[in-house]
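Structure record follows, encoded as structure tokens.
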Amino acid sequence: MAVLRDYIKIKHGFAFKGDHISTIDNGTVLVTPGNFSIGGGFKEDKCKFFDGEYLAEYVLKPDDLIVTMTDLSKTIDTLGYSALIPNGERTYLHNQRIGLVLIEDEESLDKHYLYWFMRTPNYQKTIAATSSGSTVHHTSPARIMDVEIELPDLNMQRSIALFMDNIEAKININKQINENLVA
């Protein structure tokens with residue numbers, strides 16, 4: 001077993017001013033814990049938007065790996081889960097309490113493998129068990145980086161990640177088909 005701290009760093013986001021946060025879609029999404037699906041993955045159905053100025057260093061890139069470090073639910077059902085920034089027309093801002101996962105050893109750890117690892121129930125239970133807070137639950141980069149991970153060789157990691165990416169793509173296509181049938 002390996003420890004995540006040997007392979008990654010986690011960067012905190014910026015505390016954007018509340019008076020520039022809006023529900024009107026201007027194409028600039030302020031990424032919040034609400035953008036994480038239960039079980040991980042990115043959701044865009046209830047985005048918050050930002051209409052103020054921001055620094056370029058807080059703009060997330062498509063396929064950036066992020067992790068939620070705050071959970072408002074009583075069941076702690078999104079804390080620690082991962083998501084990937086979508087590839088689209090919108091701009092995504094790196095908000096506080098969202099961690100940007102930076103892989104420091106790409107020769108040993110595949111980003112998509114880590115994405116799927118951070119969506120496993122055992123990983124999430126570990127993060128939830130070490131969280132702080134009673135109403136709002138928090139984790140930290142240090143707690144996440146203390147988690148142990150099994151690391152098969154890089155080719156196997158990529159194969160596992162590709163398999164899971166393909167399943168997720170099929171699920172998303174089926175969801176779109178169902179939404180079109182209902183409409």
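What you see is a predicted model; the values in this text were computed from it and never measured.
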Q: Go through the steps to decide whether His138 and Thr70 satisfy the test side chain to side chain donor-acceptor pair (under 3.5 Å), and finish with yes or no.
A: CA-CA 5 Å; His138 301 282; Thr70 297; 3.3 Å; yes

[Y] side chain reached by [X] side chain, heavy atoms, under 4.5 Å:
X: Val67; Y: Ile144; result: yes
X: Gln124; Y: Ile76; result: yes
X: His12; Y: Gln96; result: no
X: Val147; Y: Val3; result: no
X: Leu151; Y: Tyr113; result: yes
X: Asp146; Y: Leu4; result: no
X: Lys111; Y: Arg158; result: no
X: Ile10; Y: Leu100; result: no

Write down the atom of [X], the atom of [Y], and the distance for their closest heavy-atom approach.
X: Gly40; Y: Arg119; answer: O-NH2, 3.2 Å
X: Ser82; Y: Phe36; answer: C-CE2, 3.9 Å
X: Ala83; Y: Gly41; answer: CB-C, 3.6 Å
X: Asp105; Y: Ser108; answer: OD2-OG, 3.0 Å
X: Ser131; Y: His137; answer: OG-ND1, 3.6 Å

Go through His20 and Asp51 one step at a time and tell me if the side chain to side chain donor-acceptor pair (under 3.5 Å) criterion holds. CA-CA 5 Å; His20 288 284; Asp51 63 11; 3.1 Å; yes

Given the rule that I, L, V, M, F, W and Y join up when any side-chain heavy atoms are under 4.5 Å apart, are [X] and [Y] in one cluster?
X: Leu114; Y: Ile160; result: yes
X: Ile85; Y: Met69; result: no
X: Ile127; Y: Met118; result: yes
X: Ile8; Y: Leu65; result: yes
X: Trp116; Y: Leu162; result: no

Residue set satisfying side chain to side chain contact (heavy atoms under 4.5 Å, CB included) with Glu44, at least two apart, ordered chain then number -> Phe42, Cys47, Pro86, Arg90, Tyr92

In Leu72, Ile98, Asn95, Leu79, the residue satisfying side-chain contact (heavy atoms from CB on, under 4.5 Å) with Pro33 is Ile98

Flag the pair Phe117 / Tyr123 as yes when their ring centroid distance falls below 6.0 Å, and as no otherwise. yes

With ring centroids as reference points, do Phe50 and Phe16 lie under 6.0 angstrom apart?
-> yes

Determine whether Leu109 and Leu154 satisfy the following criterion, side chain to side chain contact (heavy atoms under 4.5 Å, CB included), listing intermediate values before the conclusion.
CA-CA 7 Å; Leu109 179 60; Leu154 201 56; 5.8 Å; no

Please determine whether side chain to side chain contact (heavy atoms under 4.5 Å, CB included) holds for the pair Asp63 and Asn87, giving the CA-CA distance in whole Å, both sets of side-chain angles, and the decisive distance to 0.1 Å. CA-CA 7 Å; Asp63 206 43; Asn87 187 6; over 6 Å; no

**Q.** Mutual orientation of the aromatic rings belonging to Tyr58 and His94 [parallel < 30°, tilted 30-60°, perpendicular > 60°]
**A.** tilted

Could you check whether any side-chain N or O of [X] sits under 3.5 Å from a backbone N or O of [Y], counting only pairs where one atom can act as donor and the other as acceptor?
X: Thr32; Y: Gly34; answer: yes
X: Asp64; Y: Lys61; answer: yes
X: Asn180; Y: Ile177; answer: no
X: Gln157; Y: Pro152; answer: yes
X: Thr91; Y: Thr28; answer: no

Measuring from [X]:[atom1] to [Y]:[atom2], what's the distance to the nearest 0.5 Å?
X: Asp153; Y: Asp110; atom1: CG; atom2: CG; result: 11.0 Å
X: Asp6; Y: Ile149; atom1: CG; atom2: CD1; result: 11.5 Å
X: Phe14; Y: Glu57; atom1: CZ; atom2: CD; result: 8.5 Å
X: Arg5; Y: Met145; atom1: CZ; atom2: CE; result: 5.0 Å
X: Thr126; Y: Arg143; atom1: OG1; atom2: CZ; result: 13.0 Å
X: Ser73; Y: Ile38; atom1: OG; atom2: CD1; result: 7.0 Å

Are more than 12 heavy atoms, taken from residues, nucleotides or ligands other than [X], located less than 6.0 Å from that residue's [atom1] atom?
X: Glu53; atom1: CD; answer: no
X: Lys125; atom1: NZ; answer: no
X: Lys17; atom1: NZ; answer: no

Verdict with supporting geometry, Ile173 and Lys170, side chain to side chain contact (heavy atoms under 4.5 Å, CB included): CA-CA 5 Å; Ile173 288 169; Lys170 288 179 182 181; 5.5 Å; no

inquiry  = Ignoring hydrogens and geometry beyond distance, is a side-chain donor-acceptor pair present between Thr120 and Asn122 at under 3.5 Å?
reply    = no

**Report entry** Chi angles and distances behind the side chain to side chain contact (heavy atoms under 4.5 Å, CB included) call for Leu30, Phe49
**Finding:** CA-CA 5 Å; Leu30 185 61; Phe49 302 93; over 6 Å; no

